[in-house]
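Here's the structure, in structure tokens; my notes come after.
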Amino acid sequence: MANEGRMTRLASMLRRRGVILPSFEIYGGVSGLVDYGPVGASIKRRVIDCWIEHWTGIPNVREVDSPTITPEPVLVASGHVGEFNDHMSECGDCGGVFRSDHLLSGSHDFPDSLDASQLDSEIENNGVCCPSCGSKEWKGASPMNLMFRTSIGAMGKARQAYMRPETAQGMFMLYPALFRHFRQKLPFGAVQTGRGYRNEISPRQGMIRLREFNMAEMEYFIDPESPPEVDLGSWDSRVVLIPDPEGSFAGEKKISFAEAFDSGIVRHPTVAWFLAMTLEFLEKVGIDTGKVRFRQHASTEMAHYASDCWDCELAGEHGWVECVGIANRTCHDLIAHQEHSGSSQLRGWREYETPRQEIRDTLAPIGSVIGPKFKERANEVTKLLGDIVEIPDELPFKLELEDGSIIEIGEDMVTRRTEEVTIRGEYFTPHVIEPAFGIDRIIWHILDHNFNEIEKEGEMYTILSLEQSVAPFDVAVLPLFDKDGMGEMAREIASEVNSIMGITADLDTSRSIGRRYARCDEIGVPWAITVDHTSLEDGSVTIRRRDDQAQVRVDVGALLTHLSAGAVPELF
RNA sequence: GCGCCUGUAGUGAAGGGGUUAUCACAAGAGGUUUCCAACCUCUUGUCCCGGGUUCGAAUCCCGGCGGGCGCACCA
């Protein structure tokens with residue numbers, strides 16, 4: 001990094017001012033867990049609010065909220081229990097730990113599919129050496145699950161559960177409710193923000209890799225045969241894209257989203273749309289768009305559920321960091337849950353433009369005959385009759401049961417019907433496009449991109465140039481001195497400002513006015529109202545703009561009006 | 001998980017087997033001050049935790065926890 005020590009100073013400031021701090025510090029701290037302090041929590045809340053507002057701006061998108069504790073079968077169906085159970089092999093000499101399947105990647109076609117003992121024998125048979133020390137002494141492979149295990153119920157019959165590794169599954173569980181809510185018409189979407197948990201082996205880099213983290217995800221359900229039409233023309237800025245390095249577009253490009261889609265780099269129109277929406281959001285919350293790039297996953301690194309995946313990476317003190325993933329998860333999750341749960345509610349209905357007429361032959365079983373005749377096998381017979389595709393022309397006919405026995409279906413057992421039916425549409429499993437945001441990583445980059453160290457009268461001076469929408473306070477109210485009634489007037493103004501919905505004021509009365517401006521600048525408060533002697537005489541105050549320290553005098557009433565209308569800049 | 005480095009007020013640092021651990025900035029109280037970290041007085045607050053060596057450990061050793069970097073991991 002060009003500016004030595006900048007990251008240290010930023011991290012120190014965040015701790016000193018109560019933005020982001022290590023958790024449980026008086027007990028020694030826990031790696032991978034952080035606190036948002038009295039200033040940071042406001043920033044986080046506002047970033048999340050901006051995010052919700054941004055994505056619910058899409059028609060037919062609603063917020064939902066589901067539990068973090070998730071029963072095991074849900075995560076078995078989603079693939080997380082299997083996927084998270086990677087086996088790890090430990091070197092007996094140097095203690096290095098490696099994924100067992102990676103050790104075999106050159107010598108076995110499907111190392112993923114092996115169990116622990118198979119992995120061990122394959123490793124031994126192939127003479128795999130430890131990548132760090134070259135030893136061939138391996139301890140047995142053992143599963144490593146990155147999810148936090150817990151159980152539901154305190155006593156003996158407790159059910160196995162996990163803390164969710166993503167919010168997405170909760171939204172898939174809500175699919176039937178969403179389908180009803182949106183009057184059974186796709187596309188629609190659900191957004192959810194909340195905590196996710198991954199028991200990382202070694203969390204590092206401050207708040208970049210956390211064990212408990214804040215995420216924000218949208219599941220946008222579409223009919224794969226008629227994805228929503230999007231006009232990408234309204235996002236005309238050029239962005240840096242890094243297409244699949246193994247694909248035909250390999251190599252960094254700087255083009256617009258429309259061009260990227262038209263040329264086939266971005267394969268799906270909805271994915272292209274969400275890439276553009278993502279950039280727009282990041283810009284709104286104060287990310288420097290010059291430090292944004294989108295990288296397409298190579299097919300080999302794709303998550304188990306994704307068919308096309310783009311990462312949005314942000315540049316900062318930690319280099320390029322993945323902060324958003326946009327994945328076309330196709331119908332993978334809904335199909336998996338349908339199969340594991342047996343639910344038939346995880347589908348959409350596609351109406352044909354013109355209804356189809358079909359002649360349908362059916363054999364309706366007559367239970368009063370089949371029952372007594374086949375007894376315990378009657379259920380199977382009934383089911384098989386319903387499944388017959390080619391109805392035999394003549395009765396009686398032979399039917400083979402599962403156990404191989406052949407039975408004869410006679411005329412007295414069924415009613416043969418030929419009817420003309422009108423088919424108006426068909427069921428299908430929707431596809432889902434998912435933008436998933438790592439909120440903590442985005443907050444880190446907002447802080448990073450807006451942390452400005454300038455020189456003021458020969459000394460270093462810090463300004464956090466946050467957008468007002470994500471600033472910890474909208475405005476600071478500062479009496480020039482806390483005497484002669486200036487303090488009282490400031491307190492009144494602060495409480496009036498706080499009574500405006502969505503606007504918060506911080507009151508600071510201690511020490512010199514210059515010092516208080518500096519404190520506000522450091523945590524990114526965009527505006528400061530100062531109450532001075534003139535204020536006591538004529539009810540006017542001054543308002544100071546953080547970014548250039550310009551100050552104008554206005555009537556308090558007018559200022560409050562501008563504050564509630566978000567029109568303070570017009571005063572300058 | 002492994003290796004190397006590392007841990008002293010809120011932050012940044014100095015020091016260090018022996019009386020009461022030092023400095024700057026920050027913070028609190030009071031004073032002063034008619035707008036950008038001013039000044040004066042006073043105040044609060046620190047050796048990560050545990051064990052060992054020692055007459056004596058914040059200092060040396062071991063372990064744990066935390067942090068940094070490298071390797072590995074990051075669905």
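Every chain is numbered from 1 and lettered A, B, ... according to where its sequence line falls, protein lines coming before strand lines. These figures come from a predicted structure and were not determined experimentally.
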Close approaches to RNA chain B from [range], in residue order (heavy atom, under 4.0 Å):
range: residues 534-553 of chain A; value: T542(A), R544(A), Q549(A), Q551(A)
range: residues 448-463 of chain A; value: K456(A), E457(A), Y461(A), T462(A)
range: residues 478-491 of chain A; value: L480(A), F481(A)

Ignoring hydrogens and angles, are the base of [N] and the side chain of [X] linked by a donor-acceptor pair under 3.5 Å?
X: S202(A); N: rA72(B); value: yes
X: Y517(A); N: rC35(B); value: yes
X: R204(A); N: rC73(B); value: no

Taking the six-membered ring of [Y], is the NZ or CZ of [X] close enough (under 6.0 Å from the centre) and on axis enough (within 45°)?
X: R293(A); Y: W320(A); value: yes
X: R195(A); Y: F213(A); value: no
X: R545(A); Y: F572(A); value: yes

Side chains of H297(A) and D311(A): donor-acceptor distance under 3.5 Å anywhere? yes
At under 4.0 Å between heavy atoms, what does [X] touch on the DNA or RNA strands: base, sugar-phosphate, or nothing?
X: S31(A); answer: sugar-phosphate
X: R9(A); answer: nothing
X: S12(A); answer: sugar-phosphate
X: G206(A); answer: sugar-phosphate

With sequence neighbours left out, which residue pairs that include part of residues 475-490 of chain A fulfil the side chain to side chain donor-acceptor pair (under 3.5 Å) condition?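 Sorted pair list: D482(A)-R491(A).
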Identify, between F213(A) and G32(A), the residue whose nearest nucleotide on RNA chain B lies closer to the 5' end.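 Between the two, 5'-proximity favours G32(A).
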What would the secondary structure line of RNA chain B be in dot-bracket form, counting Watson-Crick and G-U wobble pairs under 3.5 Å, with [ ] for pairs that cross earlier ones and | for pairs with another strand? (((((((..((((....[...)))).(((((.......)))))....(((((..]....))))))))))))....
Taking the P atom of each, how far is rC55(B) from rC23(B), in whole Å? 33 Å
Cut-off 3.5 Å, no hydrogens considered: what does the side-chain donor-acceptor table look like for residues 449-456 of chain A, sequence neighbours left out?
from, atom 1, to, atom 2, distance (Å)
H449(A), ND1, D288(A), N, 3.0
H449(A), NE2, A315(A), O, 2.6
N450(A), ND2, G286(A), O, 3.0
N450(A), ND2, I446(A), O, 2.7
N452(A), ND2, S465(A), OG, 2.4
E453(A), OE1, R9(A), NH2, 2.9
E453(A), OE2, R9(A), NE, 2.6
K456(A), NZ, Q549(A), OE1, 3.3

